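Presented below is the structure to which this report refers.
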Amino acid sequence: MASTVGVIFSSINEENLPELTKLRSIGSIPYGGRYRLVDFALSNMVNSGITTVGMITKNNYQSLMDHLGSGKDWDLARKEGGLILLPPYSDETEFLYKNRLEALKGTVSFLRKAKEDFVVIADSDAVYKLDYSKVIEYHVKNNADITMVYHEHEVKKSHYYITFETNKEGRITELDINPLADGIKKNYINVMVARTSFLLRLIQNAFQHGYTSFGKDILSPGIKTYKMYGYKLEGYYENIDSLSSYFKSNYDLLNKDIRNEIFGDRDVYTKVNDSAPAKFAPTAKVKNSLVADGCLIEGTVENCILFRGVKIGKGSVVKNCILMSENIIGENCNLAYVVSDKDSVIRDNRVLAGCELQPYFINKGSLI
Amino acid sequence: MLRKKECVAMLLAGGQGSRLYALTSNIAKPAVSFGAKYRIIDFPLSNCINSGIDTVGVLTQYQPLVLNEYVGNGQPWDLDRTFGGVHILSPYEAKNDTSWYKGTANAIYQNIRFMKMYDPEYVLILSGDHIYKMDYDKMLAAHKEANADCTIACMEVPIKEASRFGILNTRPDGTIYEFEEKPAHPKSNLASMGIYIFTASKLYKYLELDEANPDSEKDFGKNVLPAMLNAGEKMYSYRFEGYWKDVGTISSLWEANMDLLGLVPNFELRDQDRVMHSRSPLAPPAFVAGEVINSIVATGGEVEGKVINSVIGTDCVIEKGAEVTDCVLMGNITVKAGAKLNYAIIDEDVTIGENAVVGAPREEALKVQGKTGGIAVLGRGVSVNRNGKIAAGEIVDKSV
């Protein structure tokens with residue numbers, strides 16, 4: 001494939017998920033029993049043959065760094081390229097970025113150094129599989145300036161979003177930011193391809209003109225001046241932009257087809273942890289659940305995602321819950337629609353319940 | 001500063017493990033899967049790093065492919081080092097002499113140059129077929145404290161089993177006055193665990209003497225240790241208390257796997273202080289929809305059937321209506337709907353067809369006995385056809 005460098009936003013749109021991003025970047029939100037959200041964009045890059053990835057960070061990136069380490073679990077601990085953290089306050093910016101455009105400015109020195117012809121930019125708040133090299137092929141075939149990846153689904157009006165229309169050739173003819181329209185649209189998934197030199201010119205130009213919004217000031221007027229194409233992402237896509245979508249997309253993994261689509265090839269990389277295999281006691285009753293290494297189950301579990309090291313005490317009934325790593329549930333508890341962040345302890349006999357659209361959320365390290 | 005290591009470990013991983021039959025047809029014994037997500041070699045390697053020993057030579061000879069690939073650069077055990085780390089040592093061709101490893105002592109002898117690269121004061125000799133957690137550093141401290149030339153780790157075993165082991169006869173101060181390899185009438189129940197610490201200079205000396213002796217079988221237990229004893233070297237026993245199991249036979253391998261089960265297991269792998277490391281697979285958490293009782297399940301599993309008292313390895317699929325009882329499933333195994341598995345060890349990459357029957361319920365199987373004590377064994381890559389039948393105690397190496 002064409003030589004390509006990757007850039008990942010590990011810390012963007014966090015205002016959508018205040019509970020889960022209080023102590024971490026959006027990219028390091030635990031997902032699916034053993035993963036972090038950033039694993040999807042990063043693994044997609046690695047599986048597309050990209051070996052140099054710049055990771056844009058903002059604040060609270062300790063847990064992200066802990067997860068990524070040297071990048072070795074993604075085969076990105078390299079002499080040439082590899083995983084490169086781009087912390088805030090780089091030589092190009094003296095401030096903590098407030099928007100996507102300012103964040104991009106922080107990548108300028110990284111991109112200037114890159115020898116790769118093309119750049120893929122992706123957010124880290126979504127679960128999907130995509131071979132970015134196919135997007136680049138499409139980009140080259142169209143001789144495009146910018147290729148934007150979209151997924152067709154019902155527009156979600158909960159946050160800032162971009163939809164667009166394309167003509168038969170796939171060229172973007174109309175681009176809307178936060179449109180009022182309902183229904184199924186081509187939703188931009190914040191994955192974009194361009195020539196590295198072209199992107200650098202865009203960023204430079206934006207700052208010369210004092211632009212502040214990548215969407216409003218560059219993409220929206222760009223459809224007239226640049227050749228912009230849309231690339232359709234087929235298959236599963238879920239943007240984690242609320243606690244309920246977080247809940248839904250975890251829950252989706254209990255569906256065999258979705259699980260196979262995402263994990264069937266065993267190529268979603270993540271930090272490896274040496275926990276002992278999950279243990280099921282003689283009293284365990286587990287139905288329709290994902291159970292990670294290190295779990296110890298003595299009670300009843302249904303429709304749950306149990307992360308590493310979760311303990312479910314005797315007599316407890318846990319249904320429709322997402323329990324992140326090292327949650328300890330005591331004896332005779334009753335939990336339904338609970339999302340519990342890491343390291344929390346639920347004492348014996350507690351009854352906690354939320355509902356599907358509004359799960360009951362427990363902060364990291366709580367004692368209840 | 002001269003770079004050196006105080007203690008270098010040499011791990012004997014070349015044995016064929018012929019008493020594991022089909023399980024070691026194509027792989028060396030230390031590479032055999034254990035405990036759902038481990039391989040036997042994880043235990044000595046993890047013990048090394050957990051004891052502060054970061055230089056390990058792994059001596060391979062028999063079917064080393066899987067073992068070599070598994071050990072790799074040693075990264076899963078933090079043994080990828082710029083100085084030291086884990087090194088695979090295979091037999092090699094030399095100018096005047098080309099030879100396979102002719103015995104445990106000869107294998108170490110052929111790698112004296114490797115050990116000398118690190119100029120160690122002590123050498124720890126380990127076997128690749130034991131399941132245990134041990135702090136070698138404590139044993140090394142005892143070796144130094146006693147100013148010993150050789151320290152042998154040992155543990156008490158039931159006296160009726162003592163004739164299966166190398167038996168140490170010791171004085172009250174722990175010094176060894178006699179070493180008997182598999183005695184018919186053991187005088188004590190103190191069994192050697194096959195774990196030795198040598199003062200390096202003594203080890204080199206006795207390996208060279210042993211090499212020069214044409215009558216020697218080049219074996220530590222039979223030749224080197226008795227020779228040192230006869231020469232009056234200071235040999236100490238080091239008592240180990242805790243779980244230790246030689247998994248050289250089908251039934252001991254099955255038992256060791258079962259020792260992981262239960263809320264208070266005979267062998268606990270869940271404690272955080274001495275974590276056993278392994279090359280963890282890239283699989284999502286296990287999906288469990290069926291019934292899983294008193295069992296352990298590794299990642300990547302899809303369990304929709306019934307699992308009782310079993311160890312289920314990575315990426316195992318147990319379809320609806322299938323039943324797995326008292327079994328060890330090593331990894332990447334598909335058990336199709338309606339199949340019944342009882343008292344069996346199933347190696348990696350095996351498919352068991354619909355309604356096939358493997359083994360017999362344990363009480364019945366135990367009456368069969370035979371080479372495996374009634375345990376049915378399916379070798380790597382075997383397929384069992386739909387409605388196929390594998391009897392209790394049967395060993396299957398080819399698809400049926």
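Excluded from the calculations below are hydrogen atoms, water molecules and symmetry mates; all remaining heavy atoms, backbone and side chain alike, are included. The model shown is predicted, which means the values in this text are computed figures rather than measured ones. Proteins come first, then strands; the chains are lettered A, B, ... in the order of their sequence lines, and each starts at number 1.
- Both the backbone and the side chain of Val291(A) come within less than 4.5 Å of a heavy atom of chain B.
- Shown here for Leu260(B) and Ile296(B), the closest heavy-atom pair between the two residues is CD1-CD1, 4.0 Å.
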List, with distances to 0.1 Å, the donor-acceptor pairs found between chain B and chain A - the cut-off being under 3.5 Å and no angle criterion applied.
unit_1: Lys37(B); atom_1: NZ; unit_2: Ser275(A); atom_2: O; d: 2.8
unit_1: Lys37(B); atom_1: NZ; unit_2: Asp293(A); atom_2: OD2; d: 3.1
unit_1: Leu260(B); atom_1: O; unit_2: Lys279(A); atom_2: NZ; d: 2.7
unit_1: Gly262(B); atom_1: O; unit_2: Lys279(A); atom_2: NZ; d: 2.9
unit_1: Arg270(B); atom_1: NH1; unit_2: Gly294(A); atom_2: O; d: 3.2
unit_1: Arg270(B); atom_1: NH1; unit_2: Cys295(A); atom_2: O; d: 3.1
unit_1: Arg270(B); atom_1: NH2; unit_2: Gly294(A); atom_2: O; d: 3.0
unit_1: His277(B); atom_1: ND1; unit_2: Asp274(A); atom_2: OD2; d: 2.7
unit_1: Ser280(B); atom_1: OG; unit_2: Asp274(A); atom_2: OD1; d: 3.2
unit_1: Pro281(B); atom_1: O; unit_2: Arg34(A); atom_2: NH1; d: 3.1
unit_1: Ala283(B); atom_1: O; unit_2: Arg34(A); atom_2: NH1; d: 2.6
unit_1: Ala286(B); atom_1: N; unit_2: Val291(A); atom_2: O; d: 3.0
unit_1: Ala286(B); atom_1: O; unit_2: Val291(A); atom_2: N; d: 2.7
unit_1: Val288(B); atom_1: N; unit_2: Ser289(A); atom_2: O; d: 2.8
unit_1: Val288(B); atom_1: O; unit_2: Asn288(A); atom_2: N; d: 2.8
unit_1: Val288(B); atom_1: O; unit_2: Ser289(A); atom_2: N; d: 3.0
unit_1: Asn294(B); atom_1: N; unit_2: Phe280(A); atom_2: O; d: 3.1
unit_1: Asn294(B); atom_1: N; unit_2: Ala281(A); atom_2: O; d: 3.4
unit_1: Ser295(B); atom_1: N; unit_2: Phe280(A); atom_2: O; d: 3.0
unit_1: Ser295(B); atom_1: O; unit_2: Phe280(A); atom_2: N; d: 2.8
unit_1: Val297(B); atom_1: N; unit_2: Ala278(A); atom_2: O; d: 2.9
unit_1: Val297(B); atom_1: O; unit_2: Ala278(A); atom_2: N; d: 3.2
unit_1: Gly300(B); atom_1: O; unit_2: Arg266(A); atom_2: NH2; d: 3.3
unit_1: Glu302(B); atom_1: OE1; unit_2: Arg259(A); atom_2: NH2; d: 2.5
unit_1: Glu302(B); atom_1: OE2; unit_2: Arg259(A); atom_2: NE; d: 2.9
unit_1: Glu302(B); atom_1: OE2; unit_2: Arg259(A); atom_2: NH2; d: 3.2
unit_1: Glu304(B); atom_1: OE2; unit_2: Lys256(A); atom_2: NZ; d: 2.9
unit_1: Asp315(B); atom_1: OD1; unit_2: Arg266(A); atom_2: NE; d: 2.9
unit_1: Asp315(B); atom_1: OD1; unit_2: Arg266(A); atom_2: NH2; d: 2.5
unit_1: Asp315(B); atom_1: OD2; unit_2: Arg266(A); atom_2: NE; d: 3.4

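- For Val292(B), the parts lying under 4.5 angstrom from a heavy atom of chain A are both the backbone and the side chain.
- Proximity to chain B is absent for every atom of Ile305(A), based on heavy atoms less than 4.5 angstrom apart.
- Among Ile293(B), Val288(B), Leu269(B), the residue with the largest count of heavy-atom pairs under 4.5 Å with chain A is Val288(B).
- Note: Leu37(A) CG to Leu17(A) CG = 8.5 Å, rounded to the nearest 0.5 Å.
- When each of Pro284(B), Ala36(B), Ala289(B) is checked for heavy-atom pairs under 4.5 Å with chain A, Pro284(B) comes out on top.
- For a residue to count as touching a neighbouring chain, one of its non-hydrogen atoms must lie under 4.5 Å from one of that chain's; by this rule Ile297(A) does not touch chain B.
- By number of non-hydrogen pairs under 4.5 angstrom with chain B, the leading residue of Leu296(A), Leu306(A), Val272(A) is Leu296(A).
- Counting heavy-atom pairs closer than 4.5 Å to chain A, the top residue among Val297(B), Ile312(B), Leu261(B) is Val297(B).
- Of all heavy-atom pairs between Asp246(B) and Ser252(B), the closest is O-OG, 3.1 Å.
- Interface check for chain B: of the options Leu253(A), Val301(A), Leu254(A), the most heavy-atom pairs under 4.5 Å are formed by Leu254(A).
- Residue Ala322(B) comes nearest to Val335(B) through the heavy atom pair CB-CG1, 3.8 Å, listed as atom of the first residue, atom of the second, then distance.
- Annotation for Leu335(A) and Cys333(A): closest pair CD1-CB, 3.8 Å, computed over non-hydrogen atoms.
- Atom CD1 in Ile29(A) sits 7.5 Å away from atom CD1 in Ile240(A) (nearest 0.5 Å).
- Only the backbone of Val268(A) comes within contact range of chain B, with heavy atoms under 4.5 Å apart.
- Note on ring orientation: taking the six-membered ring where Trp is involved, the planes of Phe43(B) and Phe267(B) are tilted (angle from 30° to 60°).
- Counting heavy-atom pairs closer than 4.5 Å to chain B, the top-ranked of the candidates Gly32(A), Pro282(A), Ala276(A), Gly33(A) is Pro282(A).
- Minimum heavy-atom separation, Ile50(A) to Gly6(A): CG2-N, 3.7 Å.
- Between Ile322(A) atom CD1 and Ile362(A) atom CD1 the span is 12.0 Å, to the nearest 0.5 Å.
- Listed by chain and number, the residues in a side-chain hydrogen bond (donor to acceptor under 3.5 Å, both in side chains) with Glu255(B) are Lys245(B) (sequence neighbours excluded).
- Taken from CD1 in Ile53(B) to CG in Leu126(B), the straight-line distance is 7.5 Å, to the nearest 0.5 Å.
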